[in-house]
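Following: one structure in structure tokens, then a few remarks.
For reference, positions follow the sequence shown, starting with 1. Excluded from the calculations below are hydrogen atoms, water molecules and symmetry mates; all remaining heavy atoms, backbone and side chain alike, are included. Please read these numbers as outputs of a predicted model, since none were measured by experiment.
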Amino acid sequence: MKKEKSCGAVIYKIVDNEIYYLLLHMGFGHISLCKGHVEDDETELETATREIKEETSLEVNIDTNFRKIITYSPFEGIIKDVVFFVAESKENILFPVDNHDDEVKSFEWRPFDEAIKKITYDLDKETLKEANDYLLKRLNK
């Protein structure tokens, strides 16, 4: 069994005292959170930072106090761990851009109740829910 590792983040911004989450519409047709493969000797934080910049062009503040690992098999014979952090967008950009490889077809910012319904995979939904719970506690909402 081949082992892979990716890192990313639940990206959010606060508008009018409400948390909005960034959803990525991927080329394969699913709606996901931002993540990508670890390259060379990168740390988890370095990978998450690079992937966010490549896939969204956003500058963010990553909070490593939230760290969630999900594990799944994307293809037969491969087991993949994905480490997620939370990351606040420093910019109020409505339409981020994938300047890297066109893997991301479009983006949307949604409040939690809408975002959780749109995300395709259950493990991503679970990650979003835990990130939302964490942020609500941290932000005293």
Side-chain angles (χ1 to χ4, degrees), residues 1-139 141:
M1 182 83 55
K2 183 180 175 197
K3 189 95 163 143
E4 292 183 355
K5 184 174 183 180
S6 289
C7 300
V10 177
I11 301 170
Y12 72 97
K13 66 180 179 177
I14 299 174
V15 178
D16 296 331
N17 209 31
E18 185 170 10
I19 304 169
Y20 285 78
Y21 295 97
L22 185 64
L23 304 180
L24 285 66
H25 292 252
M26 308 304 290
F28 290 116
H30 62 285
I31 298 174
S32 186
L33 303 169
C34 186
K35 64 185 176 295
H37 290 92
V38 174
E39 293 181 0
D40 303 319
D41 293 329
E42 283 181 324
T43 66
E44 292 173 352
L45 183 58
E46 288 169 339
T47 299
T49 302
R50 177 184 50 75
E51 285 293 335
I52 291 167
K53 189 66 174 169
E54 286 178 356
E55 291 189 350
T56 71
S57 299
L58 292 174
E59 294 290 332
V60 298
N61 291 320
I62 295 178
D63 180 351
T64 58
N65 290 316
F66 176 87
R67 185 175 181 274
K68 164 115 176 125
I69 301 172
I70 63 171
T71 302
Y72 64 97
S73 177
F75 304 104
E76 188 176 331
I78 296 175
I79 232 13
K80 184 175 195 171
D81 288 337
V82 182
V83 177
F84 284 102
F85 303 108
V86 292
E88 184 174 13
S89 176
K90 295 186 208 176
E91 306 165 279
N92 193 17
I93 295 175
L94 218 58
F95 302 105
V97 178
D98 179 352
N99 285 324
H100 175 59
D101 59 8
D102 204 31
E103 181 182 12
V104 182
K105 296 302 178 192
S106 65
F107 303 88
E108 62 180 306
W109 292 99
R110 293 285 178 231
F112 174 77
D113 290 345
E114 293 177 28
I116 197 84
K117 292 175 188 172
K118 289 189 160 239
I119 289 178
T120 304
Y121 298 115
D122 288 342
L123 287 173
D124 285 348
K125 289 180 186 218
E126 180 183 304
T127 301
L128 178 63
K129 173 150 185 6
E130 289 183 28
N132 187 65
D133 291 346
Y134 169 81
L135 289 170
L136 290 175
K137 282 181 190 168
R138 199 189 92 206
L139 301 169
K141 292 193 176 284

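- Considering CD of E108 and NE2 of H25, their distance stands at 3.5 Å, rounded to 0.5 Å.
- Between the CZ atom of F107 and the CD1 atom of I11 there is a distance of 8.5 Å, given to the nearest 0.5 Å.
- Nearest approach of R67 to F85, heavy atoms of both residues: CG-CE2, 4.0 Å.
- Taking a 6.0 Å sphere around NZ of K3, one finds it holds more than 12 heavy atoms contributed by other residues, nucleotides or ligands.
- Of all heavy-atom pairs spanning L22 and L33, the tightest one is O-CD2, 4.4 Å.
- Between F112 and Y21, the ring-plane angle classifies as perpendicular under the 30° and 60° cut-offs.
- With values rounded to the nearest 0.5 angstrom, K118 atom NZ is found 15.0 Å from D124 atom CG.
- Between R110 and K117, the closest side-chain pair of non-hydrogen atoms is not below 4.5 Å.
- Y134 has its side chain within reach of N65: a pair of non-hydrogen atoms, C-beta onward, lies under 4.5 Å apart.
- Pairing each heavy atom of S32 with each of M26, the nearest pair is CB-CG, 4.0 Å.
- Within the model, atoms CG of L23 and CG of L128 stand 7.5 Å from one another, a figure rounded to the nearest 0.5 Å.
- Counting heavy atoms from C-beta outward, I14 and L139 have side chains that approach closer than 4.5 Å.
- Formation of a donor-acceptor pair under 3.5 Å by the T120 side chain with backbone atoms of I31 is found in this model.
- Separating the CD1 atom in I70 from the CD atom in E126 is a distance of 8.0 Å, to the nearest 0.5 Å.
- The closest donor-acceptor contact from the side chain of S73 to the backbone of I78 lies under 3.5 Å.
- Only one option out of D133, T127, N132 pairs with K129 in a side chain to side chain donor-acceptor pair (under 3.5 Å); it is D133.
- Closest heavy-atom contact between D63 and R138: OD2-NH1, 2.9 Å.
- With a 4.5 Å cut-off on side-chain heavy atoms, H37 and K80 count as touching.
- Taking CD from E44 and OG from S6, the interatomic distance works out to 11.0 Å, rounded to the nearest 0.5 Å.
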Go through the steps for V83 and V38 under the test side-chain contact (heavy atoms from CB on, under 4.5 Å), then give the verdict.
CA-CA 10 Å; V83 177; V38 174; over 6 Å; no
Quick one: do V82 and Y72 satisfy side-chain contact (heavy atoms from CB on, under 4.5 Å)? Show the steps, please.
CA-CA 9 Å; V82 182; Y72 64 97; 3.7 Å; yes
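- Closest heavy-atom contact between I62 and A87: CG1-CB, 3.9 Å.
- Panel note: side chain E114, backbone P111; no donor-acceptor pair is recorded below 3.5 Å.
- The minimum heavy-atom distance between I119 and K125, with the atom names listed, is O-CE, 2.8 Å.
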